[in-house]
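Inspection log for the structure reproduced underneath, given as structure tokens.
None of the values given here were measured: they were computed from a predicted structure.
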Amino acid sequence: MKKSICICFVLFFGLLISCSKDDTIENNDSDTTGSDTPPAPIDPVSTDDIIHYVTPTGSGALDGTSWENAYPGTSLQDAIDVSETGDEVWVATGVYVTTPTTDRTISFNMKNGIAIYGSFAGTETMLSERNLTNGITSILSGEIGIVGAVDNSYTVIYNEQLDDTAVIDGFEIKGGNDDRQPTSGGNGLGGGIYNHGYGSGGFCSPIIRNCLFTQNTASFGAGAFNNGYNGGHTEPTYINCIFYQNHALNEAGGMDSYGVRGNASPTVINSIFYENTSASNVGAMYAWGGGPGGNCNPQLINCVFVNNRALNGYGGAFIADNLDENGTTSSGSCTVTLQNCIVWGNTATEISPQFYVRGQGAQVLATYSDIDLIGQTSPHIIAGATTGNINANPLFSNIDIGPGSDGIWRTNDDGLKLQSLSPCIDTGNNAGVISTDILLNNRIFNATVDIGAYEFE
């Protein structure tokens with residue numbers, strides 16, 4: 001059965017854009033391919049918990065009991081699967097592909113009660129010895145088969161039935177390519193990570209921390225897709241994450257949250273959306289909470305949307321949408337809430353270069369944020385109190401080179417760090433911020449937090 005425009009073409013074309021009834025998404029139910037900030041990771045203390053070690057080639061007995069006897073990279077998923085609640089999986093620097101075969105449906109899967117940590121040198125004995133200041137060095141890759149994206153894995157990480165005890169931390173997630181015809185059940189959604197909380201009783205709310213999503217492709221939500229459609233419940237938390245140069249074949253190059261007749265409401269902290277693109281509308285992030293009982297209410301704190309592009313439509317950075325699937329009425333709820341965020345330099349070929357609001361009651365709330373409002377006209381404006389907001393050049397170190405001259409994100413030359421005269425320094429709101437910034441530096445250097453992902457020191 002086909003639902004007219006249901007995952008994006010009808011939901012994503014704006015009030016001033018006409019939609020074609022031929023643009024459809026198959027509704028295939030069988031397809032399966034918190035309010036408190038989570039604490040920072042600490043070193044394991046329980047003698048009952050086990051650490052499973054993984055390196056690209058493995059070593060010694062290959063049983064994962066130490067770095068000297070590490071599992072090989074081809075057994076990374078096995079290491080996750082054999083882990084029990086409280087265990088950790090430590091993954092050394094290197095590239096780990098989803099499968100040595102050419103089966104595009106195979107992905108990595110997270111697991112409840114298990115923390116998966118990457119970017120180790122391979123000598124550490126405590127988690128606190130891991131060094132993330134030289135960038136993210138463990139890569140989960142969808143590059144299988146022949147060289148090039150055409151036959152890559154559809155999704156690098158596929159999750160379902162997860163709660164916030166499932167943690168992944170310290171990985172570059174790249175090369176997923178879900179180029180299938182999109183369906184509400186999962187096809188064509190989320191090349192980097194797909195969180196499947198779809199359907200009544202479905203849930204998926206893992207913690208994704210210190211991860212870089214790059215060079216992923218999908219019809220919708222190329223970097224990440226949070227699916228709470230039709231009675232599902234998906235509330236993942238993203239901390240210190242970067243969505244960089246992902247491309248949507250339709251809409252939402254960075255992240256898509258699908259809360260139509262369900263709930264899909266991510267929390268995103270200290271994270272960056274940079275140079276993501278879409279073939280039509282919404283370059284970086286789509287939030288859709290249409291339909292009876294639908295909810296999509298992303299909460300963003302100290303995030304940055306810069307240089308994202310909608311290549312043939314509206315909304316360079318993001319959209320708040322509560323239209324129903326019929327494209328006319330509004331029965332659900334969608335509020336995108338920003339605090340201490342920067343939205344700057346995003347572009348669209350049509351109206352609303354920064355963000356777009358669609359439906360009766362959908363809204364964007366922002367406080368203590370720096371948002372470029374040039375070209376933003378009603379209803380595509382900030383609703384409610386706008387306490388502490390500014391509209392001024394944030395004075396990044398180099399807005400044109402996000403990862404800096406070394407080409408490596410999360411190092412000291414990152415281009416989205418603030419210059420000393422930036423109006424974003426000491427002008428945020430301390431409520432709800434976590435203790436460190438995206439570089440793991442102290443978050444409040446003076447008495448007041450900075451706006452954006454980097455704290456100026």
Exercise. Tell me, do Y454 and I272 make a side-chain contact under 4.5 Å, heavy atoms counted?
Worked result: yes
Problem set entry | Those residues that, when tested against F318, pass ring-ring contact (aromatic ring centres under 6.0 Å, His included) (two or more places apart) | F305, F355
Exercise. Below 4.5 Å, heavy atoms only, C-beta onward: do I106 and Q77 meet side chain to side chain?
Worked result: no
Seminar exercise, completed: The single option from D450, L418, V304 that satisfies side-chain contact (heavy atoms from CB on, under 4.5 Å) with C424 is L418
Problem set entry | Test salt bridge (charged side-chain N to carboxylate O under 4.0 Å, His left out) applied to D372 - qualifying residues, sequence neighbours left out | none
Exercise. Do D179 and R104 meet the salt-bridge criterion of a basic N to acidic O distance under 4.0 Å?
Worked result: yes
Problem set entry | T329 and N326 side chains, donor-acceptor separation under 3.5 Å | yes
Exercise. Which residues satisfy the side-chain contact (heavy atoms from CB on, under 4.5 Å) test with I399, sequence neighbours excluded?
Worked result: V306, N307, W344, F396
For this session: Identify whether NZ of Lys or CZ of Arg in R130 sits under 6.0 Å from the centre of the six-membered ring of Y117 and within 45° of that ring's axis.
Result: no
Problem set entry | Neighbour count above 12 (heavy atom, 6.0 Å) for R309 CZ | no
Exercise. Is S153 reaching over with its side chain to a backbone N or O of S107, donor-acceptor style, under 3.5 angstrom?
Worked result: no
Exercise. Can you tell me if CG on D413 sees more than 12 non-hydrogen neighbours from other groups inside 6.0 Å?
Worked result: yes
Problem set entry | All side-chain contact (heavy atoms from CB on, under 4.5 Å) counterparts of Q245, not counting sequence neighbours | T214, E275
Seminar exercise, completed: D370 meets the side chain to side chain donor-acceptor pair (under 3.5 Å) criterion, sequence neighbours left out, with none
Seminar exercise, completed: Rounding to 0.5 Å, atoms CG (D169) and CD1 (I207) come to a distance of 10.0 Å
For this session: For A348, enumerate each residue passing the side-chain contact (heavy atoms from CB on, under 4.5 Å) test, keeping only those at least two apart in sequence or located in another chain.
Result: A310
For this session: Please check if any side-chain donor atom of N210 sits under 3.5 Å from a side-chain acceptor atom of R410, or the reverse.
Result: yes
